[in-house]
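Here is the structure we will look at.
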Amino acid sequence: MAERADRDDLLAMTHVGEDPHKYMKAVTPPVFMTSLHVFDTVKDYFSVDIFKDEYYYGRASNPTVTILEKKLAALEHGSRAVVFSAGMAACAAAILAVCKAGSHIICIRESYGPVQHLLDEFLCKKYEITVTYVEGKTVKEFEDAIRPETDMIILESPSTLVFNVVDLEGVAKLAKKHGIITYIDNTYSTPIFQKPLDMGIDIVMHTMTKYIGGHSDLIGGVLISKDEEFMRKVMVQRDWFGGVLGPMEAWLAIRGLRTLDVRMQRHYETAMEVAKFLEGHPKIKRVFYTGLPSHPQYELARKQQKGECGLMSVEIDGSLEDIETFVDNLKLFEKGASWGGFESLAIAYTYNWSDEELAFHGLTRNIVRLHCGLEGAENLIDDLKQALDKI
Ligand SMILES: *Cc1c(COP(=O)(O)O)cnc(C)c1O
């Protein structure tokens, strides 16, 4: 079983940032569905301070959005959180806040695909940014990749296809020595299973589209840091780019947070049972799940994480046709790309990858990623069993 969330985390998810006295003692905060706030006097208008929870225009800040940001900042032990219209908007905002034309970035090879597209297809081409991709299993790889113009290290740990783990304290220490800013996509662990800022990482990002929302009904992202000055810069930058989260999505994310701990406990418990079943199945060559003692970085994961989520991958022992047979015959696992919701999902992730992509990641076309939702281990194992039997 996963350790429970910290006492303070439980309060952050339930009460922090909320003040029912301000809204007629309603136990859930209202959705402030408004684009602007109005003022009595000229002086009032010009004295607004958005950093002190004062409001004038919805692109800069909104009271429902602020409640969510307070909870997320508390959960990640940051000074401030800034939420965006998508995880990718948060990621892009972090890179743009840290880097300049000509910057060098070190990025793990298994980072989320669209992040690599943003780097390779856009930032490298238009702003002469350069990127070194590293596997990231040792601190030395990062050290060897550092150049005088290195400004940022982009991490994801565990990563979300083959679940590589990065030594966060080690990389943070190295980066500090060289004045490099570290960034991590912490979506896999959620704020309750891993606290990268406490390990020295500078910026944490989550896509709230996954477990924070938790119900597959919103798109959103967040950046959190201990550096208040940096976060103020990010908040102002969000106003310029316009990628703020809408009040309705903020409200849904607040609702998602209330049950994050109980959902994560169940996702973890279910995924452990499913992973053990799959590991013992003759048609499965390999299970990629950091909760299994067979994972090559199991010890490091135990040191850094309090738990695991419902996401894993398997390598099927079979032909491409077998991959299709397996995935198409799953009944409870819907076929889809995302994860982190109540529902189980399967995707033949590498099925149509080019030879170049396969070589870059050192993978075969037989990798299927599974998200274990909240349907319970017995139901999911039965479903997997019948689909594997059809191969
Ligand atoms: C989905 C995902 C993202 C992107 O989030 P959006 O909210 O869809 O922009 C980033 N990182 C990881 C690991 C993801 O799974």
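Atoms within each ligand, like the ligands themselves, are counted from 1 in listed order.
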Exercise. Mind checking what makes salt bridge (charged side-chain N to carboxylate O under 4.0 Å, His left out) contact with Asp383, not counting sequence neighbours?
Worked result: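 Not a single residue meets the salt bridge (charged side-chain N to carboxylate O under 4.0 Å, His left out) criterion with Asp383.
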
Problem set entry | Partners meeting salt bridge (charged side-chain N to carboxylate O under 4.0 Å, His left out) with Glu156 (sequence neighbours left out) |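 Salt bridge (charged side-chain N to carboxylate O under 4.0 Å, His left out) list for Glu156, sorted by chain: empty.
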
Exercise. Under a 4.5 Å side-chain heavy-atom rule over Ile, Leu, Val, Met, Phe, Trp and Tyr, are Phe46 and Val38 clustered together?
Worked result: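 Phe46 clusters together with Val38.
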
Which protein N or O atoms sit under 3.5 Å from any N or O of ligand 1? Give atom names and distances.
from: ligand 1; atom 1: 5 (O); to: Thr207; atom 2: OG1; distance (Å): 3.1
from: ligand 1; atom 1: 7 (O); to: Gly87; atom 2: N; distance (Å): 2.8
from: ligand 1; atom 1: 7 (O); to: Thr207; atom 2: OG1; distance (Å): 2.8
from: ligand 1; atom 1: 7 (O); to: Thr209; atom 2: OG1; distance (Å): 2.7
from: ligand 1; atom 1: 9 (O); to: Gly87; atom 2: N; distance (Å): 3.0
from: ligand 1; atom 1: 9 (O); to: Met88; atom 2: N; distance (Å): 2.8
from: ligand 1; atom 1: 11 (N); to: Asp185; atom 2: OD2; distance (Å): 2.6
from: ligand 1; atom 1: 15 (O); to: Lys210; atom 2: NZ; distance (Å): 2.6
from: ligand 1; atom 1: 15 (O); to: Trp339; atom 2: NE1; distance (Å): 2.9

Problem set entry | Asp322 and Thr325 side chains, donor-acceptor separation under 3.5 Å | no

For this session: Please list, chain by chain and in numerical order, all residues satisfying side-chain contact (heavy atoms from CB on, under 4.5 Å) with Val262, sequence neighbours excluded.
Result: Thr259

Exercise. Can we say Lys226 and Asp198 salt-bridge, meaning some charged N sits less than 4.0 Å from an Asp/Glu carboxylate O?
Worked result: yes

